[in-house]
S.K.: 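My questions will all concern the structure given below.
The figures here come from the full heavy-atom set of this structure, side chains too, leaving out hydrogens, waters and symmetry mates.
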Amino acid sequence: MIVPTVLVLPYPGQGHVNPMMKFSQNLVEHGCKVYFVNTDFNHKRVVSSMVEQQESLDESHSLLKLVSIPDGFRPEDDRTDFAKFFDAMLSTMPSMLQKKIEEIHLNGEDRICCIVADLNMGWALNVGNKLGIKGAIFWPATAAMFAMQCNIPTLIDNGIIDSDGVPITKKTFRISPTMPVMDTESLFWTGVPSSIILKKIFKSMMEFAQTTNLTEWWLCNTTYELEPEVLSFVPKLLPVGPLLRSYDNKSVNTRSIGQFWEEDLSCMDWLDQQSHHSVLYVAFGSFSLLDQNQFKELAIGLDLTNRPFLWVVRQDSNCTNKIAYPNEFLGSKGKIVSWAPQQKVLSHPAIACFVSHCGWNSILEGLSNGLPFLCWPYFADQFYNKKYICDELKVGLGFDKDENGLVSRWEIKTKVDQLLSDENIRSKSLIEKKKVTCNIAEGSRSSENFSKFVKWLKE
């Protein structure tokens, strides 16, 4: 039997690596071999965060190989500087990817038959074209954001944005009559600090959108039930979600593959000691950073709720961002970890709600466990996702900022109380859970789309 060898290339962010790792694991389960390509920088983080899995991944017969290429940055460079990162990536990574593929072919063991690239790494399909390798585009966010990125010329023609991606007006708009209403806050490329950076990123994004013409396969981490209007507007975009991380059920101590930080599993024992539906889970993903004033308000706000809480505070929040817990913070009802096994946490019966930055992976994980949300978006598509959760699905509430631009401690307490006393939101969350989880089973529409893709690979 033919074992197709696929190269998978995520954009170098945790929220992009997670769904593509799950996608790769699904490919392996369906009889494919996968070379998963991180940047050297992220590869080191991933490998150092893994404990038990290292041995099995190191075995030569493993069908999932973790490999890496340089990103053009030095180790000490700031990888959150998007303009510099895009420049370094585009000048370095295409030639490095080609070199990596040629190395794999030279070894004689495997021959790459397909490159699956994150749309924001769409240049990889040009590399594949050059080497005679077919490709597929993978989109890790909502189908709505894919439709937006691929319809930038229409937004320019309709006077929503100028040719540099800058909003001309603050009015609401629809990309198609059937799609949800958006506003200029939903333009995920605009959340950058300067017009020069915005120009560079916007130009790159327009170029990436052009690479969809190089393949018939457009795959997306969503479901028909969640975004029916968008998927009918972009029928070529095939949902293969929700791509939820899987754990080895034999061991409660198994960590997931692909994390940039080691998961602190002690929080699971702590959750076992809490009452059902009592715990606030507070996590803002791999990128969000709060300043000292906002961090203080959140800490004291959590105390004020008088409820148990599990709070993820990344180490780089303490080190890079130099934030400190306020003197008034008791934290006696809570547990603080630097990184959590999020999907395990969200499926625990003790969790009452998810205080989230609204990254798409977090939303899918929360929805799949029937949880209501308190939405605190930070960047990019998270503002659209917040509106989607609160206004379309009606399974969450947003926080309002005060005159100083802060979410106050009292606002946090008020919204927690409001959300957890709202039976309507709770019941809607359970309805959405059914919609999302029905796509995990064999024979679901997402599963059939994935099977079609695997069948094509094997042919």
S.K.: Side chains of Trp339 and Glu262 only: does a donor on one sit below 3.5 Å from an acceptor on the other?
M.R.: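 Their side chains do not contain a donor-acceptor pair, so the 3.5 Å distance test is not met.
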
S.K.: For Gln294, does its backbone N or O pair with a side-chain atom of Asp291 as donor and acceptor, under 3.5 Å?
M.R.: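 Side chain of Asp291 to backbone of Gln294, a donor-acceptor pair under 3.5 Å: yes, one is there.
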
S.K.: Determine, stepwise, if the pair Thr142 / Met145 fulfils side-chain contact (heavy atoms from CB on, under 4.5 Å).
M.R.: CA-CA 5 Å; Thr142 59; Met145 293 298 100; 3.1 Å; yes

S.K.: When you check the gap from the basic side-chain N to the acidic O, do Glu102 and Lys99 get nearer than 4.0 Å?
M.R.: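 No salt bridge links Glu102 with Lys99.
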
S.K.: Closest heavy-atom contact between Thr184 and Pro167?
M.R.: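 Shortest heavy-atom contact: CG2-CB, 3.7 Å.
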
S.K.: Does a side-chain heavy-atom distance below 4.5 Å link Leu243 with Asn18?
M.R.: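 Side-chain contact under 4.5 Å: no.
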
S.K.: Taking atom CD as the centre, does Glu207 end up with more than 12 heavy-atom neighbours from other residues, nucleotides or ligands that are less than 6.0 angstrom away?
M.R.: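 Yes - once you tally the heavy atoms of other residues, nucleotides and ligands closer than 6.0 Å, there are more than 12.
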
S.K.: Would a 4.5 Å heavy-atom cut-off, applied to side chains only, mark His105 and Ile133 as touching?
M.R.: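 Result yes, sub-4.5 Å side-chain heavy-atom pair found.
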
S.K.: Against His16, only a single residue in Asn120, Asn361, Asp118 fulfils side-chain hydrogen bond (donor to acceptor under 3.5 Å, both in side chains); can you say which?
M.R.: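 Result: among Asn120, Asn361, Asp118, Asp118 is the only option passing the side-chain hydrogen bond (donor to acceptor under 3.5 Å, both in side chains) with His16.
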
S.K.: Applying ring-ring contact (aromatic ring centres under 6.0 Å, His included), name anything that partners Phe373, two or more places apart in sequence or on another chain.
M.R.: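 If we apply the ring-ring contact (aromatic ring centres under 6.0 Å, His included) test to Phe373, skipping adjacent residues, the hits are Phe354.
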
S.K.: Examine distances only and state if a side-chain atom of Glu227 and a backbone atom of Ala144 form a donor-acceptor pair shorter than 3.5 Å.
M.R.: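 Confirmed, Glu227 side chain pairs with Ala144 backbone.
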
S.K.: In the structure I gave you, are the side-chain heavy atoms of Leu457 and Cys113 within less than 4.5 Å of one another anywhere?
M.R.: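 A side-chain contact exists here, since the closest heavy-atom pair is under 4.5 Å.
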
S.K.: Are any side-chain N or O atoms of Arg45 and backbone N or O atoms of Asp40, one a donor and one an acceptor, separated by less than 3.5 Å?
M.R.: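 Looks like no, no N/O pair under 3.5 Å.
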
S.K.: Test Trp123 against Phe208 for ring-ring contact (aromatic ring centres under 6.0 Å, His included), laying out the working first.
M.R.: CA-CA 7 Å; Trp123 50 262; Phe208 299 153; 8.2 Å; no

S.K.: Over all heavy atoms of both residues, which pair between Asp71 and Phe73 is shortest? Give the atoms and the distance, please.
M.R.: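 Minimum heavy-atom contact is OD1-N, 2.8 Å.
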
S.K.: Check whether any side-chain heavy atom of Phe138 lies under 4.5 Å from a side-chain heavy atom of Pro10, and answer yes or no.
M.R.: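 No. Closest side-chain heavy atoms not under 4.5 Å.
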
S.K.: Can you measure from CG (Leu364) to CG (Asn221) and round to the nearest 0.5 angstrom?
M.R.: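 With rounding to 0.5 Å, CG (Leu364) is 5.0 Å from CG (Asn221).
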
S.K.: With a 3.5 Å distance limit and no angle check, can you tell me whether Asn449 reaches the backbone of Pro239 through a side-chain donor-acceptor pair?
M.R.: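 Yes, Asn449 side chain to Pro239 backbone: donor-acceptor pair under 3.5 Å.
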
S.K.: I would like to know whether Ser49 and Glu263 meet side-chain contact (heavy atoms from CB on, under 4.5 Å); could you show each step before the answer?
M.R.: CA-CA 8 Å; Ser49 78; Glu263 294 169 333; over 6 Å; no

S.K.: Taking the side chain as C-beta and beyond, is there a heavy-atom pair between Phe36 and Ile257 under 4.5 Å?
M.R.: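 Of all side-chain heavy-atom pairs linking Ile257 with Phe36, none is under 4.5 Å.
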
S.K.: Can you say whether the rings of Phe146 and Trp139 are parallel (under 30°), tilted (30 to 60°) or perpendicular (over 60°)?
M.R.: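 Phe146 vs Trp139 ring planes: perpendicular.
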
S.K.: Once you round to the nearest 0.5 Å, how far does CH2 of Trp218 lie from CG of Leu238?
M.R.: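 Spacing of CH2 (Trp218) from CG (Leu238) equals 10.0 Å.
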
S.K.: What verdict does the side-chain contact (heavy atoms from CB on, under 4.5 Å) test give for Ile69 and Thr39, after you've listed the backbone C-alpha separation in whole Å, the side-chain angles of each residue and the deciding distance to 0.1 Å?
M.R.: CA-CA 5 Å; Ile69 58 175; Thr39 61; 5.7 Å; no

S.K.: First locate atom CG of Leu367, then atom CG of Leu244, and finally report the distance between them rounded to the nearest 0.5 Å.
M.R.: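 Result: 10.0 Å between the selected atoms.
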
S.K.: Decide yes or no for Val345 and Cys267: does some side-chain heavy atom of the first lie under 4.5 Å from some side-chain heavy atom of the second?
M.R.: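 In contact.
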
S.K.: Between Gln14 (side chain only) and Phe260 (backbone N and O only), is there a donor and an acceptor less than 3.5 Å apart?
M.R.: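 Side chain of Gln14 to backbone of Phe260: a pair is present.
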
S.K.: Do the side chains of Ile389 and Ile363 get nearer than 4.5 Å, heavy atoms only?
M.R.: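 Yes, close enough: below the 4.5 Å cut-off.
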
S.K.: At their closest point, which heavy atom of Thr222 faces which heavy atom of Ala143, and how far apart are they?
M.R.: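 Taking every non-hydrogen atom into account, CG2-CB, 4.1 Å.
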
S.K.: Passes salt bridge (Lys or Arg N to Asp or Glu O under 4.0 Å), Glu103 versus Lys100? Steps please.
M.R.: CA-CA 5 Å; Glu103 274 172 23; Lys100 178 61 70 179; 3.7 Å; yes

S.K.: Between Arg445 and Glu448, is the salt bridge (Lys or Arg N to Asp or Glu O under 4.0 Å) condition met? List the steps.
M.R.: CA-CA 5 Å; Arg445 291 175 83 180; Glu448 281 176 7; over 6 Å; no

S.K.: For Gln342 and Tyr281: C-alpha separation, side-chain torsions, deciding distance, then whether side chain to side chain donor-acceptor pair (under 3.5 Å) applies.
M.R.: CA-CA 9 Å; Gln342 183 161 288; Tyr281 176 57; 3.0 Å; yes

S.K.: Report the C-alpha separation of Gln25 and Glu29 in whole Å, then their side-chain angles, then the decisive distance to 0.1 Å, and conclude whether the side chain to side chain donor-acceptor pair (under 3.5 Å) test is met.
M.R.: CA-CA 6 Å; Gln25 289 172 319; Glu29 282 166 22; over 6 Å; no

S.K.: Report the C-alpha separation of Asn38 and Ser68 in whole Å, then their side-chain angles, then the decisive distance to 0.1 Å, and conclude whether the side chain to side chain donor-acceptor pair (under 3.5 Å) test is met.
M.R.: CA-CA 5 Å; Asn38 269 311; Ser68 67; over 6 Å; no

S.K.: Using ring-ring contact (aromatic ring centres under 6.0 Å, His included), reason through Phe23 and Phe450 one step at a time and then give a plain yes or no.
M.R.: CA-CA 9 Å; Phe23 180 79; Phe450 183 80; 5.5 Å; yes

S.K.: Checking side-chain polar atoms at under 3.5 Å, does Asn369 have a donor or acceptor matched by the opposite partner on Ser347?
M.R.: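 Note: Asn369 and Ser347 side chains miss the donor-acceptor criterion.
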
S.K.: Counting only heavy atoms not in Arg174, do more than 12 sit closer than 6.0 Å to its CZ atom?
M.R.: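 Yes.
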
S.K.: Kindly assign one of parallel, tilted or perpendicular to the pair Trp217 and Trp456, based on the angle between their ring planes and the thresholds 30° and 60°.
M.R.: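 Ring orientation, 0 to 90° scale: tilted.
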
S.K.: Might you point out which heavy atoms bring Pro242 and Ile440 nearest each other, and give the distance in Å?
M.R.: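 Closest approach of Pro242 to Ile440, heavy atoms only: CG-CG1, 3.9 Å.
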
S.K.: Under the criterion side-chain contact (heavy atoms from CB on, under 4.5 Å), I'd like the reasoning laid out for Met121 against Ile137: C-alpha separation, chi angles, the key distance, then a yes or no.
M.R.: CA-CA 9 Å; Met121 305 294 272; Ile137 284 292; over 6 Å; no

S.K.: Side-chain contact test, heavy atoms from C-beta onward, threshold under 4.5 Å: evaluate it for Leu131 versus Gln98 and give yes or no.
M.R.: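 Side chain of Leu131 against side chain of Gln98, heavy atoms only: contact under 4.5 Å found.
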
S.K.: Taking the six-membered ring for Trp, are His357 and Phe284 ring centroids under 6.0 Å apart?
M.R.: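 No.
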
S.K.: Evaluate Asp110 against Tyr35 for side chain to side chain donor-acceptor pair (under 3.5 Å), listing each step before the verdict.
M.R.: CA-CA 10 Å; Asp110 300 308; Tyr35 282 85; 2.5 Å; yes

S.K.: Lys335 and Ser266: side-chain donor and acceptor closer than 3.5 Å?
M.R.: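 Judged by distance alone, the side chains do pair up.
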
S.K.: Inspect the surroundings of NZ in Lys203 and state if more than 12 heavy atoms from other residues, nucleotides or ligands are less than 6.0 Å away.
M.R.: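 No, not enclosed.
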
S.K.: Any luck finding a side-chain donor-acceptor pair between Asn439 and Tyr224 under 3.5 Å?
M.R.: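 There is no such pair (donor and acceptor under 3.5 Å, judged by atom type) between the side chains of Asn439 and Tyr224.
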
S.K.: To the nearest 0.5 Å, what is the distance between SG on Cys150 and NZ on Lys236?
M.R.: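 Reported to 0.5 Å precision, the distance equals 9.5 Å.
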
S.K.: Please report the shortest heavy-atom distance between Ser368 and Lys433, naming the atom on each side.
M.R.: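 Smallest heavy-atom distance, with atoms named: O-CG, 3.4 Å.
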
S.K.: Suppose we call two aromatic rings close when their centres sit under 6.0 Å apart. Are Phe295 and Tyr325 close by that rule?
M.R.: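 Between Tyr325 and Phe295, which both carry aromatic rings, the centre distance is below 6.0 Å.
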
S.K.: Run the salt-bridge test on Asp400 and Lys415 with the 4.0 Å N-O cut-off and return the result as yes or no.
M.R.: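 Judged by the 4.0 Å cut-off on N to carboxylate O distance, Asp400 and Lys415 do form a salt bridge.
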
S.K.: What residues form a salt bridge (Lys or Arg N to Asp or Glu O under 4.0 Å) with Asp391, not counting sequence neighbours?
M.R.: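 Asp391: no salt bridge (Lys or Arg N to Asp or Glu O under 4.0 Å) contacts found.
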
S.K.: Would you name the heavy atoms of Val454 and Cys32 that are closest together and state the gap between them?
M.R.: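 Heavy-atom minimum between the residues: CG1-SG, 4.4 Å.
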
